[in-house]
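Heads up, the thing below is written out as structure tokens.
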There are 2 protein chains.
Amino acid sequence: MDTRHMRFFMALAETLHFGRAAERMNMSQPPFSRQIAMIERTLGVKLFERNSRNVALTPAGKHFMEDCRNVLGQFEDACRDVRLVASGMKGELRFGFMMHAAHSVVPELVQLYAKARPDVRLVLDERTPTEIDEMLVAGTLDAAVTFDCGYAPHLQTVLLARERLRIIMREDHPLATVGQIYPEKLREEKVIAAPAATAPALRSAINSYFSAKGIVPHVVLEPRLQHTIIQLVAKGLGVALIPVSLCTGMGTGLISRTLTDAPQLDVVLRAPMTTKNPAVSAFMEIGKSIQRTSL
Amino acid sequence: MDTRHMRFFMALAETLHFGRAAERMNMSQPPFSRQIAMIERTLGVKLFERNSRNVALTPAGKHFMEDCRNVLGQFEDACRDVRLVASGMKGELRFGFMMHAAHSVVPELVQLYAKARPDVRLVLDERTPTEIDEMLVAGTLDAAVTFDCGYAPHLQTVLLARERLRIIMREDHPLATVGQIYPEKLREEKVIAAPAATAPALRSAINSYFSAKGIVPHVVLEPRLQHTIIQLVAKGLGVALIPVSLCTGMGTGLISRTLTDAPQLDVVLRAPMTTKNPAVSAFMEIGKSIQRTSL
DNA sequence: TCCATCTGATACCCTGAAAGCATTGATCGT
DNA sequence: ACGATCAATGCTTTCAGGGTATCAGATGGA
């Protein structure tokens, strides 16, 4: 038994006429009759009640007809869908992003892609930049939004946005009255920043910002999660330098201020250069279109 | 493409080794390789990433694997189920019965059959005896419980029960005080009975009962439904002769009395002699087993 | 009642899809 | 560098399955 036999069966079940069913199958009646006989023999079931004048379905045949319709439908769907997956119109895309981008480019990117490729299941995975890099090379992620850390041999990169850092602090902090803050003001401040092992590009930008002025920042806490940093600032444990897009909606009690010569970081969309997932290319293209609008 | 190709694909997708997959398909490796290549060519989709050392699924292949598993499963199920339907273990059985039997043999018959053949969908259809006879010959019903009306050329018959008729009346009826009633007492009574066109066997039994004593019953109302007869008796419009099994649970206000030399009717299970539905035979067998216990 | 006609089953032949065997070519570990 | 492993390719052979011709049973009209 095979789907070809099921199609033979369906042709006869629908026409109830060997000649016309054979014609529909683009063959002559004798081999068609043989095929029907073969189907009944291999199944061991009489599917048609027939004489030289009439053809009718048996109850078993009627039941089989429903099942065949389903099987053939699913079969066609499977063959169609595999093409769609290969073309990137369908499938799955595991997309990683860092919290620092969650409020800026990620929502737009996800929304545009979901609209362009509604049959691709987007698996979102919020990670730290270092985790993202590891998962991209390991192939656990298909694409990710992260800070540009420069060296990336096997990765293709699309620049999405260039974000300046701002400083955040409690609104009762002594510096809260100052409009714009320059590094020298922060010489004595307690700074909260993600560790270099977690967000190398961000931490190195912060470090460079201070060291350019000959200052060694007083980093008192190094939480791995951006979320935690903001919470610690809110508790008055120090100040922090975070991307401008994260400064809105931090909750009450916190304010942000502009930094003189504020460090800026490139937010990029990355994917393995030799990705196997055909859904990625359209994702990168949408990244490029976002880049045009946001830069 | 065909299910055979899907099985080839699945063998390779599961083993990721051409030699072992070919072995599983009971063939040598070269033709197997060719089949895989053919599948990819006809689908126009690369399903495996392979070199002379490693075989791996592409994303499209991974997706196709899931679909193939479903399709092949449904395919096997369809082939298995058609055999079950042909053997009468699965399918549908349209079962008609008259209200006069709804309280006696029908519940037991249905219950026993549903237990013996849980995968056969029993379509119950309550009808008048005449409708049942018509539907049996027309093939609209597979089997039915009705009164034995004697002549039934193309039908097979199983005697299920022999029911005596009792007389029912309002409890405030003058005859209510009498313990056992003989026909002469009913000479002047208004009788309610189903018309001969609706329930020939029942009506003829009632008529014979009276005419044997030279009485012409005074039939004032001829409702087609048993339900209606009982309601009319309850309203005091007359008395009625009904099977003993219907005398329980008529509702308050009604009583039943034994009739002297009460007429008796055969309740039979019937099916077309040359039925196509394989589910019928077990149904008739269960009918026979009920017969043994109830007679 | 007989014949024309329709329809499914059978007989026979032939083609080509697909299997087997032998071999090649590429890759990896020693 | 060499052998082992494994997928791909070339060549031959076979049989599943298609085509044509024909038979056989049923139906309906003359």
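Numbered from 1 within each chain, the chains take letters A, B, ... in sequence-line order.
One atom, CG of B:N26, and another, P of C:dA18, lie 17 Å apart when rounded to the nearest Å. Regarding A:I36, its CD1 atom lies at a distance of 14 Å from the P atom of C:dT10, rounded to whole Å. Look at CZ on B:R20: it is 10 Å from C1' on D:dC6, rounded to the nearest Å. Remark: C1' of C:dG8 and CZ of A:F18 are 6 Å apart, rounded to the nearest angstrom. What separates CZ of B:F32 from P of C:dA19 is a distance of 10 Å, to the nearest Å. Taking atom CZ on A:F48 and atom P on C:dT7, their separation rounds to 16 Å, with Å as the unit. As a whole-Å value, the separation of A:K46 NZ from C:dG8 P is 13 Å. A straight line from CD of B:E23 to P of C:dG20 spans 12 Å, rounded to a whole angstrom.
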Per-pair distances, 0.1 Å, donor-acceptor, side chain in residues 53-70 of chain A, under 3.5 Å, sequence neighbours excluded:
{"from": "A:T58", "atom 1": "OG1", "to": "A:K46", "atom 2": "O", "distance (Å)": "2.9"}
{"from": "A:T58", "atom 1": "OG1", "to": "A:L47", "atom 2": "O", "distance (Å)": "3.2"}
{"from": "A:T58", "atom 1": "OG1", "to": "A:G61", "atom 2": "N", "distance (Å)": "3.0"}

Query raised in the report: Can you list the steps and then say if A:R20 with A:E23 is a salt bridge (Lys or Arg N to Asp or Glu O under 4.0 Å)?
Result: CA-CA 5 Å; A:R20 280 188 278 279; A:E23 194 179 9; over 6 Å; no
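The side chain of B:R4 lies closest to C:dA18, out of C:dA18, C:dC21, D:dG18. Ranking C:dA19, C:dC12, D:dT20 by closeness to the A:R34 side chain, first place goes to C:dC12. With C:dT5, C:dA19, C:dG8 as the choices, the nucleotide that has an atom nearest any side-chain atom of B:F8 turns out to be C:dA19. For A:P31, the side-chain atoms get nearest to D:dG18 when compared with the rest of D:dG18, C:dA19, D:dG10. For A:Q35, the listed nucleotide lying nearest its side chain is D:dG18; candidates were D:dG10, D:dT27, D:dG18. The listed nucleotides are D:dT20, C:dA19, D:dA8; the one nearest the side chain of B:M27 is C:dA19. Comparing D:dA26, C:dA18, D:dA8 against the side chain of B:H5 picks out C:dA18 as the nearest. Comparing C:dG8, D:dG25, C:dT27 by their closest approach to the side chain of A:H17 singles out C:dG8. Closest to the side chain of B:M38, out of D:dA7, C:dA18, D:dG17, is C:dA18. Counting only heavy atoms from C-beta on, A:S52 has its side chain closest to D:dA26 among C:dA9, D:dA26, C:dA22.
Partner of A:V158 under the side chain to side chain contact (heavy atoms under 4.5 Å, CB included) criterion, out of A:L269, A:I290, A:V145: A:L269 alone.
One finds a side-chain N or O of B:R50 lying less than 4.0 angstrom from the OP1 or OP2 phosphate oxygen of D:dA8. Taking 4.0 angstrom as the limit, B:S33 places none of its side-chain polar atoms (N or O) nearer than this to OP1 or OP2 of D:dA7.
B:R224 places no side-chain N or O within 3.5 Å of a backbone atom of B:P195 that could act as its donor or acceptor partner.
Two residues are said to be in side-chain contact when any heavy atoms from C-beta on lie closer than 4.5 Å; A:R50 and A:F18 meet this criterion.
Along DNA chain D, the nucleotide nearest to A:N54 and the one nearest to A:S28 differ in position, and the one closer to the 5' end is contacted by A:S28.
Classified by interplanar angle (parallel below 30°, tilted 30° to 60°, perpendicular above 60°), the ring pair A:F283/A:F95 is perpendicular.
A donor N or O paired with an acceptor N or O is found under 3.5 Å between the base of C:dA9 and the side-chain atoms of A:Q29.
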